[in-house]
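Each chain gets a letter, A, B and so on, in the order its sequence line appears, and its residues count up from 1.
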Amino acid sequence: MGVLDARKAKKDRGLNKIPTASTSDVAFLLLIFFIVMPMKRPEVGLSMVLPAKSKASSVPVRESNVATIRVLASNALTLDGELITLPRVRLAIMDRLAGNDQTIVVLETHPDADYGMMIACLDEVKQADARKVSLKTTKR
Amino acid sequence: MAFRRATKKEAFIPTDSTGDIAFLLLIFFILTVVFTNETGLVVSLPRADASEEGIRDMLSNVFINEKGMVSIDDMIVRPDQVAAVMSQKLAENPFMIVAFKTDKETPYGVVSDVMEGLKEANAVKVFFNTDLELPGVAY
């Protein structure tokens with residue numbers, strides 16, 4: 001062995017290497033980050049189908065089949081003209097449905113009433129298992 | 001005469017390529033991930049027990065804050081412009097559901113005006129977003 005070879009061998013022994021054993025662990029951590037990041041909070045809410053603007057969608061109904069809930073400007077509620085509290089709405093609608101399963105619930109909200117109160121009413125109506133619900137809208 | 005193997009070889013699953021696979025998957029997820037940054041308007045949603053989960057991909061968000069400002073796709077619009085904007089969006093996606101992200105203290109009149117615009121645009125499927133947290137606490 002020459003002098004140069006011996007010097008090279010000595011140099012190689014002392015060479016510091018960057019440890020690469022944890023590279024895959026780092027990759028997996030980044031992978032988990034990119035898989036989890038796009039996951040967002042689920043969208044929850046109440047779904048409805050509005051009546052279309054066409055005249056063909058309007059169907060005449062008997063007045064006895066309609067239960068009208070009104071949200072007044074003061075956020076007070078009436079059911080068919082009689083004052084009612086929010087917790088009693090569900091039971092009242094369930095009673096109406098038990099007597100007449102064709103009952104259509106019409107929710108009429110004053111333009112100055114809170115949207116939150118309308119949703120609270122709609123929630124009670126949905127919980128009463130009313131299938132036919134109509135939201136009254138008016139153009140100001 | 002029985003033949004015996006001199007050395008016994010142990011079976012093992014090679015794990016050398018795990019890092020490569022992880023990096024390939026990483027590259028795939030980095031390239032395909034889409035970070036949408038829809039700011040909309042700051043709203044405090046109402047709560048409802050009868051809430052159900054909506055299909056995110058089909059929802060088109062309409063934000064209405066307590067002052068009655070309406071925002072569609074980060075663009076402030078007047079209620080009378082809703083029909084035109086929504087007609088265009090409905091043409092792009094016929095299965096679109098309009099998600100109302102409305103503040104619980106918004107006057108209903110604004111929501112009603114927007115719904116009238118939706119009826120004109122024939123975008124009749126609506127979804128009233130509610131707050132996910134604290135279920136059971138009504139408005």
Neighbour count above 12 (heavy atom, 6.0 Å) for Ile55(B) CD1: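 Counting other residues, nucleotides and ligands, CD1 of Ile55(B) stays at 12 neighbours or fewer.
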Is the closest side-chain heavy-atom distance between [X] and [Y] below 4.5 Å?
| X | Y | answer |
| --- | --- | --- |
| Glu52(B) | Val44(A) | no |
| Asp114(A) | Lys104(B) | no |
| Lys101(B) | Glu43(A) | yes |
| Thr32(B) | Phe34(A) | no |
| Pro107(B) | Tyr115(A) | no |
| Pro111(A) | Tyr108(B) | no |
| Thr130(B) | Ile119(A) | yes |
| Thr23(A) | Phe23(B) | yes |

So what's closer than 4.5 Å to chain A heavy atoms on [X]: side chain, backbone, both or neither?
| X | answer |
| --- | --- |
| Asp20(B) | neither |
| Asn122(B) | side chain |
| Leu59(B) | side chain |

State, to 0.1 Å, how close Ser24(A) and Ala22(B) come at their nearest heavy-atom pair, and which atoms those are. O-CB, 4.5 Å
Could you report the tightest heavy-atom contact between Pro46(B) and Gly116(A), atom names first, then the distance?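 Answer, listing the atom of Pro46(B) first, then Gly116(A): CB-CA, 4.2 Å.
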Just jot down the ring pair (Phe, Tyr, Trp, His ring centres under 6.0 Å) partners of Phe100(B), sequence neighbours excluded, or say none.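 Scan of Phe100(B) (ring pair (Phe, Tyr, Trp, His ring centres under 6.0 Å), adjacent residues dropped) gives Phe128(B).
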Distance check, rounded to the nearest 0.5 Å: Lys126(A) atom NZ versus Asp49(B) atom CG?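 Output value for this atom pair is 13.5 Å.
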Among Ile35(A), Thr109(A), Val49(A), which residue has the highest count of heavy-atom pairs closer than 4.5 Å to chain B?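 Most heavy-atom pairs under 4.5 Å with chain B: Thr109(A).
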Could you have a look at Ala73(A), Pro87(A), Ala27(A) and say which one has the most heavy-atom pairs with chain B under 4.5 angstrom?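 Highest number of heavy-atom pairs under 4.5 Å: Ala27(A).
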Go through it in stages, so that I can follow the logic: the residues are Leu26(B) and Phe28(A), the test is side-chain contact (heavy atoms from CB on, under 4.5 Å), and I'd like the CA-CA distance, side-chain angles, deciding distance and then a yes or no. CA-CA 8 Å; Leu26(B) 182 62; Phe28(A) 269 115; over 6 Å; no
Qualifying residues under side chain to side chain contact (heavy atoms under 4.5 Å, CB included), relative to Val66(A), sequence neighbours excluded: Val61(A), Thr68(A), Val106(A)
Side chain / backbone / both / neither for Met118(A) at chain B, heavy atoms under 4.5 Å: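 Interface part for Met118(A): side chain.
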Select one option (side chain, backbone, both, neither) describing which atoms of Leu122(A) are under 4.5 Å from chain B's heavy atoms.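 Just its side chain gets close to chain B.
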